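Remember, predicted model here, so these are calculated numbers, not experimental data.
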Amino acid sequence: MADHDHVERAGAAGPVTAEDLAEGVRLVVALLRRPAALAADWGRPAGSLEWSCWETAEHLADDLFSYAAQLGPQSPPADTHVPFVWRREAPGKPANAIFAERAGGPEGVVQVLEACGALHVAMVRTAPPQARAFHVFGTTDPEGSAAMGLVELFAHAEDLALGLGLDWQAPADVCARVLPRLFPGAPTGTDPWPTLLWATGRGDLPGRQRLTRWQWDSTPRS
């Protein structure tokens with residue numbers, strides 16, 4: 001890796017912000033609103049997932065909604081999620097509280113995603129730093145919640161792009177802030193976007209085995 005690549009990665013370091021999350025939502029919504037995306041078959045599998053593109057988009061919207069909701073209570077539950085009703089439409093399907101009306105077509109499910117993303121951005125932007133939100137990978141703070149939303153956005157955008165036949169690449173500077181926040185053990189001498197794909201079991205890095213199991217560490221940093 002050339003020296004300038006290390007400088008670029010180091011220069012992008014810093015906290016993950018609500019503005020990063022808003023940019024992530026904007027980019028993924030724009031990807032899914034491309035004419036080629038709206039005209040594609042959303043019943044096809046999303047990348048290597050067993051879920052369809054429609055189900056994956058609903059799952060992503062549900063992630064963003066639930067991350068926003070976890071930041072809401074003044075006295076958040078310490079060991080579980082806020083008790084919305086989550087349900088599966090069939091075995092092996094994602095468990096969601098959020099579903100999109102099928103009659104709305106692809107544009108409708110993208111609107112649902114955009115709305116849930118806006119809720120998450122608003123909560124990250126307004127929650128005090130001491131706010132806490134439960135997650136099975138580590139009860140987190142607003143910055144960690146923003147980073148979690150970005151991992152979901154970028155990783156599932158990759159799944160959806162593969163399923164819908166689109167070109168997609170997440171912004172390197174945002175990935176470079178997300179990686180140390182959630183994946184402190186990830187390589188640092190590699191390009192940020194391929195590294196985030198590797199950290200989420202979606203890509204290869206030279207000299208590293210592809211991950212078959214992975215999780216982040218969303219606990220607050222000192």
Side-chain angles (χ1 to χ4, degrees), residues 9 12-28 56 58-86 94-98 113-159 170-188 192-193 195-202 211 213-222:
R9 179 79 174 269
V16 181
T17 66
E19 285 64 40
D20 288 333
L21 181 59
E23 176 70 358
V25 172
R26 185 190 69 78
L27 290 171
V28 174
T56 301
E58 283 183 329
H59 165 77
L60 176 54
D62 188 82
D63 282 336
L64 298 174
F65 167 82
S66 64
Y67 294 167
Q70 288 298 126
L71 282 170
Q74 292 186 7
S75 299
D79 57 359
T80 189
H81 297 93
V82 176
F84 291 95
V85 174
W86 273 268
N96 294 348
I98 298 297
L113 171 59
E114 184 177 30
C116 290
L119 290 173
H120 191 200
V121 170
M123 288 303 301
V124 170
R125 193 169 274 148
T126 57
Q130 66 270 23
R132 293 296 180 263
F134 172 80
H135 192 274
V136 293
F137 292 168
T139 293
T140 196
D141 56 5
E143 184 203 3
S145 184
M148 287 160 38
L150 284 160
V151 169
E152 299 287 359
L153 281 160
F154 292 167
H156 287 312
E158 174 75 2
D159 300 328
D173 59 334
V174 179
C175 293
R177 288 189 284 278
V178 167
L179 281 163
R181 180 59 184 83
L182 294 185
F183 301 99
T188 57
W193 173 227
T195 304
L196 186 60
L197 288 176
W198 174 83
T200 57
R202 288 168 170 80
L211 300 179
R213 297 178 63 86
W214 61 272
Q215 71 177 55
W216 61 58
D217 176 6
S218 41
T219 52
R221 300 293 179 257
S222 60

**Asked** If you round to the nearest 0.5 Å, how far is OG of S145 from CG of L21?
**Response** 7.5 Å
**With sequence neighbours excluded, residues passing side-chain hydrogen bond (donor to acceptor under 3.5 Å, both in side chains) with E152** = Y67, H156
**Request:** Check D20 against V174 and note the closest heavy-atom contact, atom names and distance.
**Result:** OD1-CG2, 4.0 Å
**Prompt:** Donor-acceptor pair, S218 side chain versus T139 backbone, under 3.5 Å?
**Reply:** no
**Salt bridge present between D217 and R181 (N-O < 4.0 angstrom)** = no
**Request:** Decide side-chain contact (heavy atoms from CB on, under 4.5 Å) for C175 and T195; before the verdict, give the C-alpha distance in whole Å, the side-chain angles of both, and the deciding distance to 0.1 Å.
**Result:** CA-CA 9 Å; C175 293; T195 304; over 6 Å; no
**Item:** Inter-residue atom distance L113.CG - D63.CG, 0.5 Å rounding
**Value:** 10.0 Å
**Prompt:** Is the closest side-chain heavy-atom distance between L153 and L64 below 4.5 Å?
**Reply:** yes
**Complete:** Heavy-atom closest pair (A95 atom, W86 atom, distance to 0.1 Å) is O-CD1, 3.2 Å
**Prompt:** Any Lys/Arg nitrogen of R125 or E19 sitting under 4.0 Å from an Asp/Glu carboxylate oxygen of the other?
**Reply:** yes
**Asked** Can you check side-chain contact (heavy atoms from CB on, under 4.5 Å) on F183 and T200, steps first, answer last?
**Response** CA-CA 10 Å; F183 301 99; T200 57; 4.1 Å; yes
**Asked** If every non-hydrogen atom of P192 is compared with every non-hydrogen atom of A172, which pair is closest and at what distance?
**Response** CB-O, 3.5 Å
**Complete:** When every non-hydrogen atom of A146 is compared with those of V124, the smallest separation belongs to CB-CG1, 3.9 Å
**Asked** Can T140 and T219 be said to form a side-chain contact (heavy atoms from CB on, under 4.5 Å), step by step?
**Response** CA-CA 5 Å; T140 196; T219 52; over 6 Å; no
**Prompt:** Are side-chain heavy atoms of D62 and P94 found at a separation under 4.5 Å?
**Reply:** no
**Prompt:** Considering all heavy atoms of both residues, which atom of F84 and which atom of A97 are nearest to each other, and what is their separation?
**Reply:** CB-CB, 4.3 Å
**Asked** Using the ring of each side chain (for Trp, its six-membered ring), is W216 parallel, tilted or perpendicular to W214, with breaks at 30° and 60°?
**Response** tilted
**Item:** Heavy-atom check, side chain of W193 versus side chain of P171, under 4.5 Å
**Value:** no
**Prompt:** Does the side chain of H81 pick up a donor-acceptor pair with the side chain of S66 at under 3.5 Å?
**Reply:** no
**Message:** Using every non-hydrogen atom in the two residues, find where A155 and R202 come nearest and quote the distance to one decimal.
**Reply:** O-NE, 3.4 Å
**Prompt:** From L150 CG over to H120 NE2, what is the distance, rounded to the nearest 0.5 angstrom?
**Reply:** 8.5 Å
Let me have the donor-acceptor pairs involving side chains of residues 128-135, under 3.5 Å, with sequence neighbours excluded, atom names and distances please.
| unit_1 | atom_1 | unit_2 | atom_2 | d |
| --- | --- | --- | --- | --- |
| R132 | NH1 | P129 | O | 3.1 |
| R132 | NH1 | Q130 | O | 3.4 |
| H135 | ND1 | F137 | N | 2.9 |

**Request:** Please lay out, stage by stage, how E58 and I98 fare under the test side-chain contact (heavy atoms from CB on, under 4.5 Å).
**Result:** CA-CA 7 Å; E58 283 183 329; I98 298 297; over 6 Å; no
**Item:** Residue pair P184 / R221, side-chain heavy-atom distance below 4.5 Å
**Value:** yes
**Message:** Just verifying a value: how many Å separate T56 OG1 and D159 CG, rounded to the nearest 0.5 Å?
**Reply:** 6.0 Å
**Asked** So how far is it from W198 CH2 to L179 CG, rounded to the nearest 0.5 Å?
**Response** 10.0 Å
